Asks: 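Once you've had a glance at the structure underneath, I'll fire off some questions.
Here is how names work: the chains are called A, B, and so on, in the same order as the sequence lines, proteins then strands, and each is numbered from 1. These figures come from a predicted structure and were not determined experimentally. Worth knowing before you read on, the calculation uses all heavy atoms, side chains too, and leaves out hydrogens, waters and symmetry mates.
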Amino acid sequence: MRKVLLLTAAFCFVAAGTALAFHDAGVAHCNGCHTMHNSEDGALVDPDSPNGNAWLLRDATASDVCLSCHGDHLGAVFGDDPLAPPSPIGAGNFVYLLEDNLNDGHAGASNPIGGDAAGHNIVAPSRGVAADATLMSSPGGSFPSSSLGCSSCHDPHGNDDFRMLYSAGPIQDGLFNFTNAAPEATGRSIFGGAPGAHTAYQDGMSSWCGNCHGDFHDEANGRLIHPSGSAIGGTIAQTYNLYNGTADITGGAQATAYLEEVPFEDAANTSIMSTEGPSAGSKVMCLTCHRAHASSGPDAGRWDFSVTLLEEDGLESGSYALPDPYGDDDQRSLCNKCHKKDANDHIATP
Amino acid sequence: MNGSVKRHTPAYPLLLRGLSPLTHLILLALMITSLLPARTRGQDSSNLLAVKAEFVREFSLPGRNNQLLRPAAIHIDRKFNEVLVSDPGHNRIVIFDDNGVYRFEFSGGEVFSTPGDLGVDSEGQIYVVGSTRAGKRLFVFDFDGIYLQELELFTSDGKRVDIGSMTLSEQDELFVYNANQPGITVFSPDGELLREIALFEELSERTLNEMIAGTLTAAQGKLFLPLPSMGMVNLYSFEGEFLQSVGYKGSRVGEMSFPVRAALTPDGLLLVLDKHRHNVLCFDQNYQFIGEFGGRGFNPGWFYHPNLLDVDAGGQIYVGQIFSNRIQVCHLPQVISDRRSPIGGNSD
């Protein structure tokens, strides 16, 4: 703790050399977050619980500070009602971690899947969420769930990468090491944006998630065996482009085929307003199917993987129904955007 | 590193802008002193200004499996001596007497799914900001929790008010902080638009974007709006005239790191809850700092990221937080109340 304070002081001396840097990275800037480290300095701390109970790991509780600003404001990534989440920007909302049941599969009402499965359980006691109770570490990798927080993925001191995500190197004070670079993408402003704005993913998301998950969905892991980070090829690109919902499997066109719910990576994805579908070289990647933070479907699905018709989402569980982009009662799983198996849906029910 | 940090610049350095390089050096020197080992500094000089909370009791409900879950608001109705608590985890409002004894509760039922801010008018009607799939809305219940109606709140240009926070004055005027277009909209208890107060018109769009507002409180003829990211509380008249700011950004004794809520004691002391310093700052009737109590911890009398605050007619202070679903009742420590200035006089 002392170490942090002294380093802080040293940094500010260096920064003071350039007036502009001092303004932007000023003293006030550091203590926007660092009261958590130095609150002994200004306010009292209970001598009988300096580090809290075992649940409150020092690294992880940084998330409580981030959420003061980003929970209900500045991107609103942790709303206050899992049934009425703030409008999404890209990563999905952590509020679903508070759900008591996400299971909209067969007999889901009597076989609840708790909110832990909604996505990444950041340890944030100030919001009533603890580490994931079932997954002790990142599936496919070895990141400890008990240390998962905002600053496991985002660099709290800012950097030039997309959403300040970490690149290769040590993170969380050396707790873990990333081997793959930050993804390339452009996101909507956290201060708002035009309707239809979405993250434009360019490259490297799958390998970035792989920092903690390895090559998930290869044969050694999950129930679903699926490529990520590889080109989809001409046939699947064409399926995606023509697909305009279960009711209109071949009526689409590349210029308007893009679906925020089923995104893909492409170096040509430079506009957050683009409506253009993929080409043969576009890639399927982790966020084609998952949200980076959480969602109201199990396994952070961009749509609920366990329903046959999207319309069934929320019915068994009582959880928030993820909007159906096609607004059709008969719309089937969005895996069909690339596989058009609508007549004979092949999704396994977990 | 410079360029990188720039992308993540909250609004508060605003207050430092325009200072001369010399002033910066002085500020820096002050800051470095403040980084000296805490215990040595804190023990002698600040001991009397920063004291432990005087813990009275913690709220609990009858029955083991019936505790609050993520309390989202505390409102004390001083006229009827009742303590109302929003309990989002069970979608209900729970009412206690001022000894902490459970009285009754009512549910949001089909009307809303998560309760937030609360208010009670002079006739005992209860106002609840509830979240619905269509957004945050304002609902009215009678004094024993029977649902009466939704108040649809619109601004003069016909836009629905995006409720950031809501408070009710002793004169039964509803003050709503508009989250989308920063300002306060004032309504009668039946939802009729009375007046609109535009705020922060002088701030640049960027500063406005980055600014975060705490919970608005109407008390004893004034409006108190905490500005957490700027480390201060702004005071306005009920007509919307800016009166003054109290406090400044910092993390040392008497400074505000992340003030989220303000409340007045019956005799007019201003209390400000700091979520990041985990304590309550106290100011006298002239808004001079007279001490602070509490701090970070997990035992009774300590707080962890507290975000709820109110005071009852007897001057007992209620501090709430989501962690451990706690609402604690404290007394204002004697050393602090002794330091207040006589009414109308100067501080000593």
Asks: Which region of B:Arg70, side chain (C-beta onward) or backbone (N, CA, C, O), has a non-hydrogen atom less than 4.5 Å from a non-hydrogen atom of chain A, or is it both or neither?
Replies: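 Side chain only.
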
Asks: May I ask you to decide if the ring planes of B:His305 and B:His278 are parallel, tilted or perpendicular, using 30° and 60° as cut-offs?
Replies: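 Rings of B:His305 and B:His278: perpendicular, over 60°.
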
Asks: Can you tell which part of B:Ser113 gets under 4.5 Å to a heavy atom of chain A, answering side chain, backbone, both or neither?
Replies: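 Both backbone and side chain of B:Ser113 come within 4.5 Å of chain A.
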
Asks: Name the region of B:Ala213, side chain, backbone, both or neither, that has any atom closer than 4.5 Å to a heavy atom of chain A.
Replies: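 The answer is the backbone of B:Ala213.
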
Asks: Can a salt bridge be assigned to the pair B:Lys136 and A:Asp80 using a cut-off of 4.0 Å between side-chain N and carboxylate O?
Replies: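 So B:Lys136 pairs with A:Asp80 through a salt bridge.
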
Asks: Quick check: closest heavy atoms across B:Met230 and B:Leu203, and the distance to 0.1 Å?
Replies: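 Heavy atoms only, the tightest pair is CE-CD1, 4.1 Å.
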
Asks: At a heavy-atom separation under 4.5 Å, does A:Leu74 approach chain B through its side chain, its backbone, both, or neither?
Replies: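 Contact with chain B involves the side chain of A:Leu74 alone.
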
Asks: I want to know whether B:Phe303 and B:Phe323 have ring centres closer than 6.0 Å.
Replies: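 No, the ring of B:Phe303 stays outside the 6.0 Å limit from the ring of B:Phe323, centre to centre.
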
